[in-house]
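One structure below.
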Amino acid sequence: MTAFFKEVVDILVKYHGYFLQGIGYTMLISLTGTVVGLIIGLITGIVRTIPQSKNPVIRGILKVVNAIISIYVEVFRGTPMMVQSMVIFWGYAFMNNGNTLPLIPAGIFIVSINTGAYMAEIVRGGIISIDKGQFEGAYSIGMNHFQTMINVIVPQTMRNILPAISNEFVINIKDTSVLNVIGVTELYFFTAKISKMTWAIFETYVVACVIYFILTFTITRLLKLAERKIDGPASYTINEMPAAAEEG
Amino acid sequence: MDKIISVNGLKKSFGENEILKDINFSVSRGDVTCIIGASGSGKSTMLRCINLLEEPTAGEIIYKGQNILKTKNIPAYRAKVEMVFQSFNLFENMTVLKNCMIGQMKVLKTDKETARNEAMHYLEKVGMAPYINAKPRQLSGGQKQRVAIARALAMKPDVILFDEPTSALDPQMVGEVLEVIKNIAKEGLTMIIVTHEMAFARDVSNHVVFMKDGVICEEGSPDEIFTSPKKQETKDFLSRFMNNR
Ligand SMILES: Nc1ncnc2c1ncn2[C@@H]1O[C@H](COP(=O)(O)OP(=O)(O)OP(=O)(O)O)[C@@H](O)[C@H]1O
Ligand SMILES: [Mg+2]
């Protein structure tokens, strides 16, 4: 047992720079990927819930756009991210005379569009689960569809899907490890590298395991706090100020 | 002859079901029209057609001389002909104050300061000024409905449509909401109110419309409808209604 801990300490002392760099890229790629994926999800979600238009041209355009979104969602949810990484990375090289994409942007791109496909469904589910009365309340005071979405529906959707967003983020922190197939220097990439240098394979991967867990656990907690913050205080404060003073 | 809204030959079908069959009536400025009738007679559907939340199958709705079924700018029309719902439909993500400001700011493009003052003015009027910081989920039904009325008033509408504003409320809260509606009626706002509160209808309205099976069966002054109805259907409805109370 002491041998184990001694080895772990040795690894940390010698290679903490690699681990830190790996953590940095893993977090950069998974955070950016989650945010961009969410933006993709919000845009597709808003587009897919536009009510039927009477104008046949607009209706036709929407139909095509919706079909494209559906294909995108199905394809990216239906194939492994590891395979997508290879196809996108080497596909780009294939079409550009063997020039490859820079690795970190490539990683961010892959995680973003992959997450976007999941977020598209999460956001759509979030929007359709909002009570129809919220839309009607907004329409009835004269808001158009876009104003209704931005001011009323999206904020409520965001609150409702926050647990799912948190889940996606955690999945991304872990799944960014598949990007090592194209050589992205994230945490798993460095772990593998260190293990090959030390041959203390078990110890190195235990360290990586603990690091991954600390990352995901922290993120989960932080987003739980955010949920509570959005919900606001459980009770309200009575406004004592008389209106006369208020207006003056 | 200052008709603010006229409904001509209005029809509405959901699939095969014809719910509204040729509705004709009109409302003058300052009128308080109550619409009564049995459950399922099409009262809500008619009100929702007037607010364009449902698209009529046929007919026309004339607002200030224009057929609004032809209008391109539905939001602008809705800002003038507001709707208050049975289920309140307050924005759950906003405080009471923000609920009454958002429409002014986004639709009427009022500046924040003015919107706030206007919102406070109407919240005061419905007795909800102390609760401006509350979220809808922290309020009782009666309080929510009063906020919803303030939200509609803050848009300075020409007409407010009420769809059973007290039906979702516990009996002890019905009174507070009806009182608020009575007060704004006194100020001369044009209103169309679908209600099952017969005493209130009689008290507040100057015109009563009785609907049955998707048509207007009888209409007239409150006295004509409640004291001396001409149609047998109206008599039957009112007597059944009184007996059920
Ligand atoms: N979206 C819809 N799709 C299909 N049928 C509908 C729809 N909305 C209403 N209906 C039908 O239209 C008829 C009239 O409904 P409506 O809600 O207008 O009645 P109402 O007079 O308001 O009744 P209540 O007093 O119970 O509110 C009912 O038979 C109802 O089932
Ligand atoms: Mg109804």
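Values reported hereafter were calculated over all heavy atoms of this structure, with side chains retained and with hydrogens, waters and symmetry mates removed. Everything quoted here is computed from the prediction, not taken from an experiment.
- If you measure heavy-atom distances from B:Phe91 to chain A, the contacts under 4.5 Å come from both the backbone and the side chain.
- Between the CD1 atom of A:Ile238 and the OH atom of B:Tyr131 there is a distance of 5.0 Å, given to the nearest 0.5 Å.
- Considering every non-hydrogen atom in both B:Pro75 and A:Gly142, the closest pair reads CB-O, 3.1 Å.
- With a 4.5 Å cut-off on non-hydrogen atoms, B:Asn51 touches chain A through its side chain but not through its backbone.
- Summarising the local packing, NZ of B:Lys182 is surrounded by more than 12 heavy atoms from other residues, nucleotides or ligands at distances under 6.0 Å.
- Residue-environment remark: CZ (A:Phe109) stays at or below the threshold of 12 foreign heavy atoms within 6.0 Å.
- Using a 4.5 Å cut-off between non-hydrogen atoms, the part of residues 52-64 of chain B that approaches chain A consists of B:Leu53, B:Glu55.
- With chain A as the partner, the residue from B:Met94, B:Glu92, B:Met155, B:Arg137 showing the most heavy-atom pairs under 4.5 Å is B:Glu92.
- When A:Asn151, A:Ile130, A:Thr237 are compared by the number of non-hydrogen pairs under 4.5 Å with chain B, A:Asn151 comes out ahead.
- For B:Lys80, the NZ atom sits in a packed shell: over 12 heavy atoms of surrounding residues, nucleotides or ligands are nearer than 6.0 Å.
- The line from OH of A:Tyr139 to CZ of B:Arg78 is 8.0 Å long, rounded to the nearest 0.5 Å.
- No more than 12 heavy atoms of other residues, nucleotides or ligands sit less than 6.0 Å from atom CZ of A:Phe146.
- With a 4.5 Å cut-off on non-hydrogen atoms, A:Ala234 touches chain B through its backbone but not through its side chain.
- Of all the heavy atoms in A:Pro155 and B:Asn93, the pair that sits closest is CB-ND2, 3.3 Å.
- Of the listed residues B:Met83, B:Gln138, B:Arg151, the one with more heavy-atom pairs under 4.5 angstrom with chain A than any other is B:Gln138.
- Within the 3.5 Å criterion, the main-chain N or O of A:Gly133 finds a donor-acceptor partner in the side chain of B:Asn89.
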Next on the checklist: Let's go through A:Asn144 and B:Lys106 carefully: what are the C-alpha distance in whole Å and the side-chain angles of both, what is the deciding distance for side-chain contact (heavy atoms from CB on, under 4.5 Å) to 0.1 Å, and is it a yes or a no?
Outcome noted: CA-CA 10 Å; A:Asn144 60 33; B:Lys106 301 293 170 185; over 6 Å; no
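- Residue contact with chain A, scored on non-hydrogen atoms closer than 4.5 Å, is absent for B:Ala152.
- Considering only heavy-atom pairs separated by less than 4.5 Å from chain B, the leading option among A:Met143, A:Gln147, A:Glu136 is A:Glu136.
- More than 12 heavy-atom neighbours from other residues, nucleotides or ligands sit within 6.0 angstrom of CD on A:Glu227.
- Heavy atoms of A:Ile230 lying under 4.5 Å from chain B belong exclusively to its backbone.
- The shortest non-hydrogen separation linking B:Phe85 to A:Ser140 is CE1-OG, 3.5 Å.
- Residue A:Gln134 comes nearest to B:Leu90 through the heavy atom pair NE2-O, 2.8 Å, listed as atom of the first residue, atom of the second, then distance.
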